[in-house]
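Here the structure comes first, spelled out in C-alpha cells, and everything after it is commentary.
In what follows, chains carry the letters A, B, and so on, assigned in the order in which the sequence lines appear, proteins first and then strands, with residues in each chain numbered from 1. Model, not experiment: these values are computed from the prediction. The basis for the numbers below is simple: all heavy atoms, side chains too, and nothing from hydrogens, waters or symmetry mates.
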Number of protein chains: 2
Amino acid sequence: MPVVQREVNRFQNFLQGQGLKLTGERASLVREIFSIHYHFDADELLFKMKEKSVKISRATIYRTLELLVKSGMVRRVHLGEDHYHYEHVSGNSHHDHLVCTTCGSVIEFHDPLLEARQIEICGRKRFTPTFHNLQILGVCDSCRRKGEQPDAPDRVKMIGLSAMQLRK
Amino acid sequence: MPVVQREVNRFQNFLQGQGLKLTGERASLVREIFSIHYHFDADELLFKMKEKSVKISRATIYRTLELLVKSGMVRRVHLGEDHYHYEHVSGNSHHDHLVCTTCGSVIEFHDPLLEARQIEICGRKRFTPTFHNLQILGVCDSCRRKGEQPDAPDRVKMIGLSAMQLRK
DNA sequence: ACGCAAATGAGACTCATTCTCATTTAGCAG
DNA sequence: CTGCTAAATGAGAATGAGTCTCATTTGCGT
Ligand SMILES: [Mn+2]
Ligand SMILES: [Mn+2]
Ligand SMILES: [Zn+2]
Ligand SMILES: [Zn+2]
C-alpha cells in the first residue's frame, strides 16, 4: 500500500509537529480511512477494524478522527442524519453534497459560482466566513426512475441507511 | 396576545384536520414559540415554560415541536451545533443562516440567485431536490471589530453559546 | 354529562459521543 | 540496548439529546 502509506507519513508529520506519537492504532486507522472512498461514520470504522481483527477501541477511533480532522486530512460532514460522517481529504478540494433521501447515495459537487455568490452575500452582511456546510436533500436519478416518491419533508431522515443499521 | 392567538388557531385548524386535539399544553407552547423571535432549542423552551410555571413535560415539548414542524408553522434547523434549533415560520419564507462562531449570533438571508444556482446544479446531476440546508460559519461584523479571531476550523463548534449552557 | 380516542408526565431507554483512570507504549536520552 | 516519562490506550462509566412506554388524564363529539 504505497499510496496509503504516504498518508500515514503525512499524519506522522502532523503528530510530530504537535509532540504526539504515531501508534499502531493510529497508523491502521489512517490506512483504513484512506482505503474507503465514500462517506463513513465512526461505527463503520469500528466494524471494519473488528473485521480485520485490528484491536482498537471506540474511544481511540473518536480520538484519532479528531486528530485527523485537526490535521486537515479528514473532513467531518453532516449528511442530514443525526450523527456525523467523515471523508478523507486527498488533494481534491472543497465540495458540497446532494443526498438522496430514498437510497442514501451521496453526490459530490463543487460550483465556483455558488461559492462566489456566498462570498458576495457575506460581504453585504459584513460577515467574515470561515467555512460553510451545504446539503441538498432530494431524490437521485435512479430512485426517481424507479418511481420512488421523495419522503414528505418532515419525514426526511434517511431512515435505515447508515452503515451500522444495515449490518445490525 | 392577538397575534399569537392567531397562531394558536392556525395550529388548531391543522390538528383538527388530523383528528388531533388542541390541549392547554399545545396552546401554551405555540404562544411561547411565536413570542420568541430567534432560534431556540427544545431545552430552552422547557426552561421558559418552567419559568412561567407552565407545567409541561420534555416529551410533550418534543411531540408538539414535531407536530408544529409537520404543520409547517415551525422549521427545524441545524446551526452547526450538535442539537437541533427551531424557528417559527410566520409569513416570511425560506432563508439560510450566517452563524457567528464567536458570539453565536445568527444572521438570516435569502438569495434568489443562490437558490437558482442550486436548482441548476441539481438539474445537471439529474437530482430532484426537496430541500436544502446551508449554514455559513464565520465571524460577524461586531466580533471582527472587537478583534476576535475566528476559531480554527476544527474547533468551531460554538462552545458555550447554547441557551442551556449559558444558564447551567 | 358521557365515553373514549388522544394526550400527558415520569422516568426508562437509546445511541452517538466524551470522559475517567488504571495500564501500556512510543520515542528519546543516555 | 535500556530506562524514563509523557502520551496513548481500552474498558466501561458518563453525558446529553432525543424517543418510547404505559398508567393516568383530558378534549371534544354526541
Ligand atoms: Mn464528500
Ligand atoms: Mn432562521
Ligand atoms: Zn437514490
Ligand atoms: Zn459574533
Side-chain angles (χ1 to χ4, degrees), chain A residues 8 11-30 40-47 49-50 54-69 76-86 155 157-168, chain B residues 8 11-30 40-47 49-50 54-69 76-86 155 157-160 162-165 167-168:
Chain A
V8 175
F11 191 40
Q12 181 164 35
N13 279 357
F14 168 80
L15 290 173
Q16 283 181 339
Q18 311 285 308
L20 305 179
K21 300 165 181 175
L22 178 68
T23 63
E25 289 85 352
R26 288 176 179 175
S28 301
L29 263 184
V30 170
F40 58 90
D41 58 32
D43 261 336
E44 180 164 354
L45 227 38
L46 186 61
F47 179 77
M49 300 307 274
K50 213 165 275 170
V54 176
K55 198 174 79 58
I56 187 168
S57 72
R58 188 185 309 275
T60 296
I61 286 183
Y62 277 105
R63 288 189 281 232
T64 304
L65 281 170
E66 195 183 337
L67 287 170
L68 282 164
V69 169
R76 187 167 79 157
V77 294
H78 286 293
L79 294 179
E81 287 193 80
D82 55 8
H83 63 280
Y84 289 111
H85 281 77
Y86 299 83
R155 287 196 302 117
K157 52 165 78 171
M158 246 142 304
I159 304 141
L161 296 174
S162 86
M164 265 323 272
Q165 288 175 308
L166 284 176
R167 90 174 58 93
K168 266 175 193 160
Chain B
V8 175
F11 191 40
Q12 181 164 34
N13 279 356
F14 168 80
L15 291 172
Q16 283 180 338
Q18 312 283 308
L20 305 178
K21 298 166 181 173
L22 177 70
T23 64
E25 287 85 354
R26 288 176 179 174
S28 300
L29 264 183
V30 170
F40 58 90
D41 59 32
D43 262 335
E44 181 164 353
L45 227 38
L46 187 61
F47 179 79
M49 299 307 276
K50 214 166 272 170
V54 176
K55 196 174 81 59
I56 187 167
S57 71
R58 185 185 312 274
T60 296
I61 287 183
Y62 277 106
R63 287 188 283 233
T64 304
L65 281 170
E66 196 183 336
L67 286 170
L68 283 164
V69 169
R76 189 167 78 157
V77 295
H78 286 293
L79 294 178
E81 288 193 80
D82 56 7
H83 63 280
Y84 289 112
H85 282 77
Y86 298 83
R155 285 197 302 115
K157 52 163 80 171
M158 245 144 303
I159 303 141
S162 85
M164 265 323 272
Q165 286 174 309
R167 88 175 59 91
K168 266 173 194 165

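- Rounded to whole Å, atom C1' of C/dA6 lies 11 Å from atom CG of B/Leu67.
- Between the C1' atom of D/dA17 and the CZ atom of B/Arg76 lies a distance of 11 Å, rounded to the nearest Å.
- Protein atom CD of A/Glu44 is 15 Å distant from nucleotide atom C1' of C/dA16, rounded to whole Å.
- In the set D/dG18, C/dT8, D/dC28, the nucleotide with an atom closest to the side chain of B/Lys21 is D/dC28.
- Checking C/dT17, C/dA7, D/dC20 against every side-chain atom of B/Arg26, the shortest atom distance belongs to C/dA7.
- Out of C/dA16, C/dC19, D/dA8, the shortest distance to the side chain of A/Ala59 is found at C/dC19.
- Rounded to an integer number of Å, the gap from CG of A/Leu22 to C1' of C/dT25 is 12 Å.
- Taking the nucleotide of DNA chain D with the nearest heavy atom to each of B/Tyr62 and B/Gln16, the more 5' of the two is matched to B/Tyr62.
- Across the interface with DNA chain D, nearest-nucleotide mapping of A/Glu25 and B/Arg58 shows A/Glu25 to be the residue nearer the 5′ end.
- If you measure from atom CD of B/Gln18 to atom C1' of C/dA7, you get 15 Å, rounded to the nearest angstrom.
- In this pair, B/Tyr86 and B/Phe40 present their aromatic rings parallel. The plane angle is below 30°, not in the 30 to 60° band.
- Protein atom CG of B/Asp82 is 11 Å distant from nucleotide atom P of D/dG16, rounded to whole Å.
- Residue B/Ile61 comes nearest to B/Leu29 through the heavy atom pair CA-CD1, 3.9 Å, listed as atom of the first residue, atom of the second, then distance.
- Not one side-chain nitrogen or oxygen of A/Thr23 sits closer than 4.0 Å to the OP1 or OP2 atom of D/dA8.
- Considering all non-hydrogen atoms of both residues, B/Arg26 and B/Leu22 come closest at CB-CD1, 4.2 Å.
- The listed nucleotides are D/dA17, D/dG10, C/dG9; the one nearest the side chain of A/Ile56 is D/dG10.
- Between B/Lys55 and B/Glu25, the closest heavy-atom pair is O-CG, 4.0 Å.
- Which of C/dT8, D/dA11, D/dA7 sits closest to the side chain of B/Arg63 comes down to C/dT8.
- Distance NZ (A/Lys55) to C1' (D/dA8): 12 Å, rounded to an integer number of Å.
- Nearest to the side-chain atoms of A/Gln12 among the listed nucleotides D/dG18, C/dT17, C/dG27 stands C/dG27.
- Ring pair B/His85/B/His78: centre-to-centre distance not below 6.0 Å.
- Put simply, CD1 on B/Ile61 is 18 Å from P on D/dG16, counting in whole angstrom units.
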